[in-house]
Amino acid sequence: MTVTDDDGGQGGASTTQHVNNVDPEVEVNALDPVAVDEVFTLSGFFNDPGVHAASAAYPPETHTIAIDWGDGNTTTLNAADLGYDVAAPGTVFTADHTYDDIGEFTVQYYRIQVTVTDDDTGADTATDADGQPGIPIAVYTDPDLDTDSNNDGGIDPDNSPMGTDDPDEELPPGRVVGVNDDDDKNDRVRDFDLAPIYTVEDDLAQVNLSRATQNVPDNSGWTLSLEAPPSNFKVWVPGPFGAGGLMDEMALDGNANLWDVKDPNLPSVVWVEARAVGSTLLSLVLRKDGQERSRDPIALTFVQLDLDTDSDNSGAVDRTLAEDADERYDPGAILFYNTDDDNGNGAADRTDPAPFVDVNGTPVDDDNLEAANLSLSSNIISSLTGFTLELSPTTAIDTWLTRDKQSLPLTYTIGTDTIPATIFVEGYDYGEAMLDVTLKSPAGLEIHRDRLQFLVTRIDLRGFRPNTAHFAAFEIPFAEEMNPGVGIRRNGDDDDGDGTPDRLDIDMDSENDLVKLDVFNGFPELPEFQDTRLQITRSNTNLNVWSGPLKSTSLSEPLLGANTGNAAVLEDTAQTSDLYVEWVNMNLAATTASLELSLWDDVHNNKVFSDTIAFHPFTSVVVVLGGETEVPADPPNPGYGTFQMAIDIYREDGYDVHMYNEDAVATSGAGAAYDELVNAIQNRGVTDVAIMGYSHGGGSTHDLAWRLEQNTIPGSGISDITLPFTIPFTSYVDAVWQVTGAEETRRPPLSLFHTNQYETNSAINGGPTGGDDDIDRSYLGVTHLTIDGNATVLDFVKTRLRQKVQR
């Protein structure tokens with residue numbers, strides 16, 4: 001220091017004074033949340049008011065920045081790292097850091113300590129908005145949404161959008177889910193039509209959500225949400241069935257499913273329900289203060305595997321909601337037990353091996369196969385390469401590729417094999433059956449299943465020849481059931497002799513004019529038959545139907561009668577039961593009626609299949625008379641060829657045939673045979689009479705025709721018959737007089753056509769009658785005892801009868 005006075009005098013002194021350092025000031029730029037394994041850059045600046053210019057006396061000012069990242073790692077920046085200009089205010093610094101994985105999804109808060117120190121040991125530490133040392137930073141693990149993306153049956157947690165356990169979780173097909181169109185609740189409503197979901201649901205796909213709970217303050221602004229574009233699926237929480245077995249639907253629109261990460265209601269599991277075919281990405285999104293920080297998507301593919309048949313038994317395969325809902329319920333699609341013979345090879349179709357061909361080796365269709373349509377949603381099938389479809393029929397059915405029964409493979413690989421659009425199902429055995437089709441992943445996981453239920457049965461209405469003395473019951477051939485149908489007598493006689501015509505009598509202890517029917521009912525002991533019904537229906541009221549052989553209300557019911565409708569449900573559950581039919585219309589113009597046995601699907605009131613038998617009342621009656629001592633029986637005694645002929649025309653041709661010993665006709669023509677003819681003409685609407693006889697029965701044939709003639713002659717004293725009739729045919733086989741045993745050479749009276757066959761090789765024999773056929777059969781080497789057993793003779797008679805007499 002120098003002092004000068006006013007005279008210019010000066011004086012001076014000097015000393016040394018040390019000035020203290022001024023501390024630097026540091027600030028750090030705002031820190032956004034940062035994901036683990038992500039490099040982020042910390043930046044800031046500092047000022048130091050004490051910075052001086054370097055000189056020989058004073059070295060350059062230096063600074064060190066020490067960064068404690070809060071995770072146990074530190075970084076130091078020195079002057080060389082900074083490279084700042086000491087003359088520039090607000091020196092900028094940056095530093096990079098990566099936080100390691102902090103485990104299952106969480107948000108971890110750290111405080112980053114940033115301290116600037118100058119070379120004079122002056123220091124400053126950055127503070128937060130509240131003036132607290134350290135700058136907070138939120139470090140988060142990416143949220144993780146996991147499902148069985150590789151379709152192997154397990155859910156592998158990944159903790160990253162693309163990882164090693166499920167590397168394809170974002171790529172189609174991802175998790176493949178079957179459309180929820182079955183009915184696990186068994187209430188005939190498809191599952192996706194119900195809400196909420198219920199305890200028996202088995203077609204939902206589990207999806208796991210990770211959640212943040214550790215080190216996250218309440219109301220921190222961290223949120224999670226599930227998001228997806230509009231799609232054909234629903235998400236349900238909690239899982240799988242929630243309290244009381246129910247689930248709540250989660251909306252995927254707006255903020256309806258936006259949770260604070262600390263929300264105790266944030267689910268860890270949700271369940272996805274596919275409602276229609278398609279694909280989507282379902283994402284778990286993490287946000288901080290509304291700003292998206294991370295998103296983890298999973299791919300979902302929704303498939304629909306559909307197997308359709310005529311489950312409502314309407315006669316058509318309809319892919320409707322109503323029919324789909326019936327596919328696994330009783331009675332199911334009802335199949336006919338395949339015992340007919342469409343290829344005409346003499347074997348039941350069900351036993352024929354493939355290929356199904358006729359006797360010439362030509363493929364033919366089996367008309368009892370039921371079509372089933374198979375479809376897999378085509379718009380996503382390309383993403384299912386390597387998946388398989390498996391068909392699984394249970395017993396009682398067979399499956400075929402075509403109607404001519406080409407073999408059907410049961411397993412198909414998508415992308416390699418051609419999947420049939422239609423398969424054919426055969427009823428192979430009685431009972432209930434299932435046909436499943438299953439979609440499986442390459443790892444063997446069942447993805448989706450559709451099932452059809454079938455009931456294999458059959459019904460059969462079997463008609464018999466009329467109930468006639470001496471004849472055993474005989475079932476008419478199937479081919480005759482409609483043409484010519486069953487012959488039946490008009491029931492106008494009075495079998496019990498109470499003065500009331502049988503057709504009007506409902507309290508009888510004898511009756512011989514009812515025709516027996518057998519009702520065959522597939523497999524009635526199956527409980528499934530509670531959903532079907534057997535019904536008998538008459539075409540008109542020409543017929544009545546009874547449950548027993550006697551028309552007695554104490555013994556049988558009039559199922560179809562004067563006071564009933566034209567249809568009745570058969571309640572008898574026996575596999576085979578009998579019905580008895582009578583013709584009650586005496587008007588000769590009424591010539592046809594039919595009965596139909598039908599099996600009905602009672603659930604849908606649809607007729608499935610039926611069997612019909614036609615009935616035609618007899619217009620003729622045939623009397624066959626045996627020789628001396630020959631007793632009619634079925635089967636007849638050996639050598640009784642005339643009675644065997646009678647049995648043949650009864651069984652094969654269905655005539656109303658009556659067998660008698662020749663003694664049933666007196667020399668006056670009276671007797672049991674005559675009474676039968678009178679009854680037939682007067683009370684049963686018969687207009688044509690045929691009489692055939694062998695030996696003494698030939699003589700009786702003449703006498704019986706004579707008595708019938710007397711009814712047409714006024715004043716003859718015989719007038720039992722008042723209605724018109726004709727005798728279109730008579731036949732003698734080596735006929736002899738009843739009394740003397742001499743040749744019977746008289747032509748039967750009223751006979752419009754007479755066949756006479758005789759031999760002359762025996763002491764007892766017939767002779768010419770001047771008939772339309774007078775044939776000496778001696779050349780055959782026959783005798784009186786053998787002529788009526790000769791096939792040539794008997795076949796000739798049968799042929800002539802068929803030509804001359806309508807049934």
Checklist line | Which residues share a salt bridge (Lys or Arg N to Asp or Glu O under 4.0 Å) with Arg538, sequence neighbours left out | finding: none
Check: In chain order, what residues pass the salt bridge (Lys or Arg N to Asp or Glu O under 4.0 Å) check against Arg451, with sequence neighbours excluded?
Finding: Asp436
Just jot down the side-chain contact (heavy atoms from CB on, under 4.5 Å) partners of [X], sequence neighbours excluded, or say none.
X      : answer
Val805 : Ser620, Tyr655, Ala690, Pro728, Phe729, Leu801
Thr395 : none
Val486 : Ile476, Val515, Ile613, Phe615
Thr413 : Thr388, Thr416, Asp417

Output the distance between atom [atom1] ([X]) and atom [atom2] ([Y]), rounded to the nearest 0.5 Å.
X      : Y      : atom1 : atom2 : result
Leu376 : Leu307 : CG    : CG    : 12.0 Å
Thr619 : Arg684 : OG1   : CZ    : 12.0 Å
Arg458 : Asn338 : CZ    : CG    : 11.0 Å
Ile414 : Leu389 : CD1   : CG    : 4.5 Å

Checklist line | Glu557/Lys551 salt bridge by N-O under 4.0 Å criterion | finding: no
Mind checking what makes side chain to side chain donor-acceptor pair (under 3.5 Å) contact with [X], not counting sequence neighbours?
X      : value
Asn542 : Asn540, Asn585
Asp513 : Arg489
Asn606 : none

Between [X] (side chain only) and [Y] (backbone N and O only), is there a donor and an acceptor less than 3.5 Å apart?
X      : Y      : answer
Gln757 : Val793 : yes
Asp306 : Asp450 : no
Thr642 : Tyr694 : no
Gln644 : Gly641 : no
Ser377 : Gln304 : yes

Do the side-chain N and O atoms of [X] and [Y] include a donor-acceptor pair separated by under 3.5 angstrom?
X      : Y      : value
His658 : Asp656 : yes
Ser314 : Asp312 : yes
Asp330 : Gln453 : yes
Asn373 : Thr422 : yes
Asn467 : Glu511 : no
Trp400 : Thr402 : no

Side chains of [X] and [Y], heavy atoms from C-beta outward: is any pair under 4.5 Å?
X      : Y      : answer
Phe796 : Thr799 : no
Thr457 : Leu599 : yes
Leu435 : Ile423 : yes

Checklist line | salt bridge (charged side-chain N to carboxylate O under 4.0 Å, His left out) contacts in which one or both residues fall within residues 349-368, not counting sequence neighbours | finding: Asp366-Lys405
Next item on the list: If a pair satisfies salt bridge (charged side-chain N to carboxylate O under 4.0 Å, His left out) and one of its residues is in residues 475-484, list it, with sequence neighbours excluded.
Entry: Arg465-Glu480
Notebook entry, point to check: Given Arg403 and Asn368, is the side chain to side chain donor-acceptor pair (under 3.5 Å) satisfied, shown in steps?
Noted result: CA-CA 9 Å; Arg403 284 198 180 276; Asn368 288 323; over 6 Å; no
Notebook entry, point to check: For Phe464, which residues count as a ring-ring contact (aromatic ring centres under 6.0 Å, His included) partner, sequence neighbours excluded?
Noted result: none
